[in-house]
Amino acid sequence: MSLHQISSFAAGSWIKPGSGARVVPSAITGEPFATAGSSDLDMQAMLDYARETGGPALRKMTFHQRARMLKALAQELSKHKQALYDLSFQTGATQKDHLIDIDGGIGTMFVFASKGRREMPDTQVYLDGEVERLSREGTFLGQHICSPLLGAAIHINAFNFPVWGMLEKLAPTLLAGVPAIVKPATNSCYVAELAVRIMLESGLLPAGALQLVSGGLGDMLNRLDCQDVVSFTGSAKTALELRQTHALIRNSVRFVAEQDSLNASILGPDAVAGTPEFDLFVKEVSREMTVKAGQKCTAIRRIIAPEVQVSALIEALTKRLARVTIGDPRIDDTQMGPLISGAQKADVMAKADLIATESEKVFGEPDAFELQGEGVSNGAFVPPMLFYCGVPDTATHVHETEAFGPVSTIMGYRDVDHAIALANRGGGSLVTSLITHDTNVAREVVIGAAAFNGRIYINDRTSMGESTGHGSPLPHMVHGGPGRAGGGEELGGVRAVKHYMQRTAIQGSPDMLTQIGQKWVPGATEIQKPHHPFTYKFSELCIGQTLHTEARTITLEDIEHFANFTGDTFYAHMDEAAAERNPFFPGRVAHGYLVLSFAAGLFVEPSEGPVLANYGLDGLRFLKPVSPGDAIKVRLTVKQKTPRNEDYGEVRWHVTVANQNDEAVAEYDLLTMCAD
Ligand code: NAP
């Protein structure tokens, strides 16, 4: 059978593997399956193409346009899922593993598409936080902004998740407006290549936004400057080597590392055999050991249990692991496929031998386990291997050696502090899980271990029906971890997008900040138009468009009427002497809600028009009490416009309610949906 030739996509063309291409084996059979190599690539031309063609095209688009592009790309990938599944079996992945890698990757892209439209503006500048008042009169203000880096993002990915690993980096990069050059791990690059082909052939991406290196990166990293980013996922060893690239150090190039880690799972002291938590723990641990044949950066490597529970736990885990069917991942009931390659198997076995120097193997015989499937005897299969370490305080390998396969070690703890100390011996982890029904234990573990972890996953009988699993990084939550885990951070919603942007503190007048951020800042010019702003369609409204209302005097009768009508007869509105005793009020005062209601009565335009609905207030503050006899008036200004679809958009109005002395008594943002 002829081998698949895995191409690169460089400066607009597909380029076949050149001389010295590497042969990539099938994980299932061990036979050569594909070749990949990048010797014919011009790395400088690729960088130039990204920087000069891809970057400018992406930066012309707004965050919303990029988000819509991501959604369309995810839809396109969804249409071709079966082709990706079919190919991905060769990496050893089972159908369940595909759901994590392929469906999980596409799902991540959908989440970023949605967050881009909901949480980011329809402009090119992202405002990071609120305006800072830097002067007494408010004529000089500060605002942090994020804008896309002007270079390229180099994504170096690990072999275990060729689709998810690529898309979880690509989605925030493209959303930021930065072009990507993706370098998948060679062992599974054929799956990544197909996903890239699907995206490129869709025609949805501007030229230069996405390029692919199948094979080595050559000297690309030494050609990077401060506008480029390297986002690496892989082993701690490779990360250490790449971090030291001269150009990266010299030019302060951002280097985000997601590397291996010795993740732990702690069984709470309350979760004794017979509780729902004990059973849940057994299920989570055995699943994490066997999904992707344990080739998951988040897999549980260290099982930390109360000393008195260790025997029961070994018994329960052994029973469960013995039921795992191992073999050809294309067979429906195979639960665990092979490792990615024979070399990986040799590495796992060598690491397991190291762990065995300080632990006792309690399950898994690499030379004697059942394998299902025809012609797979040369595949990179290993059984799950469970160790027990009786000396976890003095042992080192169990805390430091990552056997990147279905290998895990149980160790006992005396009390919660001891459990925390053992978990932290990992030197920085992507995730630690805790299975307990005791909220005090949860708090203690979080306080003691959070600084050593990117994520802490707590599960019990309440959440187990809906929980997402110890090993699943979610696009909404940060993924990464300190120390051994690489010190990097990815995902976490919009946080991930910011990793591809520069944060800059902008200082200037309200007009300057308004124009830069496309968001009206108090003190900036107000725009007067001939008609009431509620009569303008979404696209006709302009930032800064303002209405000043007439004044309305609030009487004691109004206050009493409102109190009796709503039932809010709080003493500050009804009892003069009691109100006077309150340190905040001069005497009886109007209800805050009365002020809001009268404000709406002042600014509203009652006729049917483009305003479809009021859907909330943000940042409401009552700044000064309103006494009977005070006259309030309103300033209503278009602060920000966010399109929702072709028919309508969200208009954020800045509202200031002031009294007869021009003192602000209330301030808030009013949100309306406005038709176009
Ligand atoms: P690896 O051997 O460190 O390789 C990672 C990537 O680096 C691959 O794309 C590899 O390309 C590339 N690479 C290696 N040497 C390079 C060099 N000199 N210049 C440029 N690129 C280079 O890791 P792996 O075996 O693929 O993946 C398994 C490891 O990844 C495990 O340790 C696992 O814990 C970790 N991992 C971490 C995460 C996380 O999110 N923290 C996720 C998944 C996996 P080639 O394949 O072409 O050598």
Side-chain angles (χ1 to χ4, degrees), residues 6 8 17 20-24 34-38 43 91 100-101 104-105 108 154-166 168-169 181-190 192 212-224 230-245 247-248 255-263 292-301 339-341 343-348 351 380 400-405 407 426 428-431 453-455 471-473 478-491 496:
I6 308 306
S8 299
R22 226 174 90 184
V23 174
V24 182
T35 58
S38 56
M43 299 299 170
T91 68
I100 303 173
D101 184 35
T108 297
I154 316 301
H155 296 167
I156 303 175
N157 296 326
F159 72 78
N160 55 337
F161 289 117
V163 177
W164 177 83
M166 172 168 65
E168 61 104 4
K169 286 182 167 63
I181 298 175
V182 176
K183 185 243 166 303
T186 306
N187 269 330
S188 56
C189 68
Y190 45 90
L212 175 73
V213 176
S214 300
L217 268 186
D219 63 353
M220 186 181 283
L221 297 190
N222 248 322
R223 296 172 180 272
L224 302 186
V230 180
S231 185
F232 169 84
T233 299
S235 62
K237 185 169 161 283
T238 310
L240 180 64
E241 193 185 315
L242 298 187
R243 273 180 202 284
Q244 298 174 45
T245 307
L248 301 190
F255 185 87
V256 181
E258 294 290 348
Q259 50 194 54
D260 55 43
S261 81
L262 279 289
N263 311 293
K292 283 292 289 185
Q295 299 166 113
K296 270 173 82 179
C297 55
T298 49
I300 297 169
R301 304 283 170 217
L339 301 176
I340 186 76
S341 65
Q344 184 65 22
K345 178 174 170 177
D347 187 66
V348 167
K351 304 269 176 65
E400 291 171 14
T401 302
E402 184 201 42
F404 200 56
V407 182
S429 296
L430 295 168
V431 52
N453 283 278
R455 179 161 64 89
S472 304
V478 293
H479 172 61
R484 173 64 189 258
E489 190 182 284
E490 290 184 329
L491 301 177

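Predicted model only: the values in this text are computed from it and were never measured. Positions are given from 1, in the same order as the sequence printed here. One-based numbering, in listed order, for ligands and for the atoms of each. No hydrogens, no waters, no symmetry mates; every other heavy atom, side chains included, goes into these values.
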I want to know if ligand 1 touches Gln344 in the polar sense, i.e. an N/O pair below 3.5 angstrom.
no
Ligand-side contact atoms (ligand 1) for residue partner Glu241, heavy atom cut-off under 4.0 Å
18 (N)
Within this structure, what is the OG-CG distance for the pair Ser341 and Asp347, rounded to the nearest 0.5 Å?
9.0 Å
Measure Phe161 to ligand 1 on non-hydrogen atoms and call it side chain, backbone, both or neither using the 4.0 Å cut-off.
neither
Under a 3.5 Å distance rule, please check whether Arg301 uses its side chain to pair with a backbone N or O of Glu402 as donor and acceptor.
no
Does ligand 1 come near enough to Glu402 that some N or O of the ligand is less than 3.5 Å from an N or O of the residue?
yes
How close does the nearest protein non-hydrogen atom get to atom 23 (O) of ligand 1, and which residue and atom is it?
Ser235 N, 3.5 Å
Taking the six-membered ring of Phe404, is the NZ or CZ of Lys351 close enough (under 6.0 Å from the centre) and on axis enough (within 45°)?
no
Please list the nearest protein heavy atom to atom 41 (N) of ligand 1 with its residue and the distance rounded to 0.1 Å.
Gln259 O, 2.9 Å
So which heavy atom in the protein is nearest atom 9 (O) of ligand 1, and how far is it from that ligand atom?
Asn157 O, 2.7 Å
Tell me if a side-chain donor or acceptor on Glu490 pairs with a main-chain N or O of Ala496 at a distance below 3.5 Å.
no
Under 3.5 Å, is there a donor on one side chain and an acceptor on the other for Lys169 and Thr233?
yes
Would you indicate which of Gly234, Ala36, Ala158, Cys297 comes nearest to atom 35 (C) of ligand 1 when only heavy atoms are counted?
Gly234
Out of Ile156, Val24, Asn187, the nearest non-hydrogen contact to atom 7 (O) of ligand 1 is supplied by Ile156
Give the atoms of ligand 1, by number and element, whose distance to some non-hydrogen atom of Asn160 is under 4.0 Å.
43 (C), 44 (C)
Could you tell me whether a side-chain N or O of Glu241 sits under 3.5 Å from a main-chain N or O of Lys237, the two making a donor and an acceptor?
no
Need the ligand 1 atom indices (1-based, order shown) with element for anything under 4.0 Å from a heavy-atom of Pro184.
9 (O)
Subset of ligand 1 atoms that lie under 4.0 Å from at least one heavy atom of Ala185:
8 (C), 9 (O), 26 (O), 46 (O)
Counting distance only, does the side-chain N/O of Lys183 pair as donor-acceptor with the main-chain N or O of Gly215 below 3.5 Å?
yes
Please list the nearest protein heavy atom to atom 11 (O) of ligand 1 with its residue and the distance rounded to 0.1 Å.
Lys183 NZ, 3.0 Å
Would you say ligand 1 has an N or O under 3.5 Å from any N or O of Phe159?
yes
among protein heavy atoms, the one nearest atom 47 (O) of ligand 1 is Thr186 OG1, 2.5 Å
Atoms in ligand 1 flagged as close to Leu430, the criterion being non-hydrogen separation under 4.0 Å
41 (N)
Main-chain N/O of Gly216 paired to Ser38 side chain as donor or acceptor, under 3.5 Å:
yes
Ser261 side-chain N/O to Ser429 backbone N/O, donor-acceptor pair under 3.5 Å
no
Would you mind running through ligand 1 and noting each atom that sits below 4.0 Å from a heavy atom of His479?
39 (C), 40 (O)
of all protein heavy atoms, closest to atom 5 (C) of ligand 1 is Thr233 O, 3.5 Å
State the CG-CG distance between Asp260 and Leu430, to the nearest 0.5 angstrom.
8.5 Å
Give me the residue, atom name and distance of the protein heavy atom closest to atom 48 (O) of ligand 1.
Arg22 NH1, 4.0 Å
Under 3.5 Å, is there a donor-acceptor pair between the side chain of Asn263 and the main chain of Ile300?
no
Quick one: does ligand 1 sit under 4.0 Å from the side chain of Leu242, the backbone, both or neither, non-hydrogen atoms only?
side chain
Protein heavy atom at shortest distance from atom 15 (N) of ligand 1:
Thr238 CG2, 3.4 Å
For Gly165 and Asp101, work out which heavy atoms get closest and say how close.
N-OD1, 4.4 Å
Calculate, to the nearest 0.5 Å, the distance between atoms CD1 and CH2 belonging to Ile100 and Trp164 respectively.
10.5 Å
